[in-house]
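Below: one structure, written as structure tokens.
Within every chain, numbering begins at 1; the chains are lettered A, B, ... in the order of the sequence lines, protein sequences first and strands thereafter. Small disclaimer: the values here were computed from a predicted structure and weren't measured.
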Protein chains: 2
Amino acid sequence: MKAAARELGYKKNQAAVELVKKQSNVIAAVVSSVKTNFAGQIIDGIQSEASKHGYNLIVVYSNSASAEEQRKALLTVIERPVMGILLLSIALSDDNLKMLKESDIPYCFLSMGFDDDRPFVSSDDMEIGYEATKFLIDKGHRKIGLAAIDKYPYTGRLRLAGYSKALNEANIVPDNSWIQSGDYSYTAGESAMKAYGKDTDLTGIVAASDMAAIGALNEARNLGLRVPDDLSIISIDGTEMCQIVQPQLTSVSQDFYKMGVVGVQRIEESVVNKTASKDHQQLIPVHIYERDSTK
Amino acid sequence: MKAAARELGYKKNQAAVELVKKQSNVIAAVVSSVKTNFAGQIIDGIQSEASKHGYNLIVVYSNSASAEEQRKALLTVIERPVMGILLLSIALSDDNLKMLKESDIPYCFLSMGFDDDRPFVSSDDMEIGYEATKFLIDKGHRKIGLAAIDKYPYTGRLRLAGYSKALNEANIVPDNSWIQSGDYSYTAGESAMKAYGKDTDLTGIVAASDMAAIGALNEARNLGLRVPDDLSIISIDGTEMCQIVQPQLTSVSQDFYKMGVVGVQRIEESVVNKTASKDHQQLIPVHIYERDSTK
DNA sequence: CTGAAAGCGCTAACAG
DNA sequence: CTGTTAGCGCTTTCAG
């Protein structure tokens, strides 16, 4: 009979199954719709690990900026029985975070760290700032800018701290003008480079993201500055963008794929342990790839 | 009491609601996990139109290549009561298409056209091939290559036909070597350019996608060819990639955002009309943006 | 081992 | 207008 039913194109109604079983095998990912070109790599990692365990993945997009959009996206997944929620580079408003916590669904933030005790998997942003800056220092640079970084949220603050630490260790005192804050975007990279100007003292720049690095690179070219001969640029993220641009960008690369994998493992742990899995904050190592934008 | 419940963090169980209502307000998008950098634009369009109508969007990723992966992704959405399914640049296997049809859930393919009668929204690929080629001809080019295009599936075949038509109208007889087939990727663009070689007769190239165009552009540079002075390149797609690369790429731009919007409207029609909405195949106009890679 | 019955959380229909 | 009841499609339990 089952076989016959299957022949006739019978499909299980998972809504009914989940209703009675009170559990589901789907993991939900909430992604900020901001143009993050690394989200795909994280999703690949999630997908791969999820499928290894027989889980299904659904993703919903949410505009990071609007709390109302966030709320709708969150409700879409909370109001149906998902086994866990992964949040990709999204900073929840207080209300929405509260709602998430109260849902009793295991969750984990990905690619973003936080001050409080919520679970997350991300790179060590302090290390990123430090390694990028130190790389340039080791190449002999002394005047090094930090471009397009958001100074206040957790991520940017840590990267700035790492940058300052590396400079400090080398007895370099940064000028205020060396740090050009921004929102990690192409335009922010462009603006930072414009602010430094054609006659800048800087010989090296740490860019907050690949897109910011490309913005800075293109603007440098407009200004008549040659990369890497006049100016070295090191990028943070290490997506494919680094390799399609000329010159190819040296980068501090984050392992986004692994973040996805580990995120799924976190969810699984929370499910089997029935615990909220607090204070699970895991840092994924980064790696520097030297390409052609530094010397 | 409702208010009190809400205070206490009560959340509706949508699984139960949908079970009894036998309808849902979620639209599902199935996306090929192949690195299509325009999927984001389509999803933005879907999201915006869906939210206008109070629908929620969930997306599932599926590797276009594997029928089994496709099947899992499709089942994830078919087995729960979604109101409609949008398929983004994904070519379903026969079995999976059959399963989709039998599910009786309204569906529509996006950014890909087909020979048969299934509903889709895409650009007119014949027009794309024709306009791109004609643009170069009007600039005075006579020897024009077609790079990284997949010759057999519907999309590539139509673009090739458009290319041939434009050439034919100008009484140009293409040499076989002008057409370098590929899979729309960066590497395919690179390989095509390598095949043309440093001493090519070609003065213009139509690239199958933005990534292919960038591959060709970078390889041309390696070969010592200057773009656009020695070689003009026109790209197909028109994503942001065209503007971050140097020189910026002239492109035949597709309106991906609109495809998403129209796709949601198709689903809505099917739902209110209770009809399968067959033979609804809609073409979205394209537009040429002249930038710096052609002359 | 097979078959009937209970019930998951909700809405719709109906009765009071 | 509020309160009760049936039942959506399944799994699980319990009886036969």
According to a strict under-4.0 Å criterion, is Lys22(B) in side-chain N/O contact with OP1 or OP2 of dG9(D)?
yes
May I ask you to evaluate whether Lys12(B) reaches the phosphate of dT11(C), defined as a side-chain N or O under 4.0 Å from OP1 or OP2?
yes
Send over the distance from [X] [atom1] to [N] [atom2], rounded to a whole Å.
| X | N | atom1 | atom2 | value |
| --- | --- | --- | --- | --- |
| Glu79(A) | dG9(C) | CD | C1' | 13 Å |
| Asn13(A) | dC10(C) | CG | P | 16 Å |
| Glu18(A) | dG9(C) | CD | P | 14 Å |
| Leu19(B) | dG7(C) | CG | C1' | 12 Å |
| Gln14(A) | dC8(D) | CD | P | 19 Å |

Does atom CG of Asp94(A) have more than 12 heavy-atom neighbours, drawn from other residues, nucleotides or ligands, at distances under 6.0 Å?
no
Return the set of residues passing side-chain hydrogen bond (donor to acceptor under 3.5 Å, both in side chains) with Glu69(B) (not counting sequence neighbours), or none when no residue passes.
none
Sequence neighbours left out, what passes side-chain hydrogen bond (donor to acceptor under 3.5 Å, both in side chains) with Asp124(A)? Give chain and number order.
none
Identify all pairs in which a protein N or O lies below 3.5 Å from an N or O of nucleotides 12-14 of chain C, and state each distance.
none

Non-neighbouring partners of Asp116(A) that pass side chain to side chain contact (heavy atoms under 4.5 Å, CB included), sequence neighbours left out
Phe114(A), Arg118(A)
Listed by chain and number, what are the side chain to side chain contact (heavy atoms under 4.5 Å, CB included) partners of Lys21(A), not counting sequence neighbours?
Val17(A), Gln23(A)
Please determine whether a side-chain nitrogen of the Lys or Arg among Asp104(A) and Lys11(B) lies less than 4.0 Å from a carboxylate oxygen of the Asp or Glu.
no
Work out which heavy atom in Ser24(A) is nearest to a heavy atom in Glu18(A); give both atom names and the distance.
CB-OE2, 3.4 Å
The helix from dC1(C)-dG16(D) to dG16(C)-dC1(D): angle between terminal helix axes, five bp per end, to the nearest 10 degrees, reads 50°
Under the side-chain contact (heavy atoms from CB on, under 4.5 Å) test against Asn96(A), which residue among Glu68(A), Arg71(A), Lys101(A) passes?
Arg71(A)
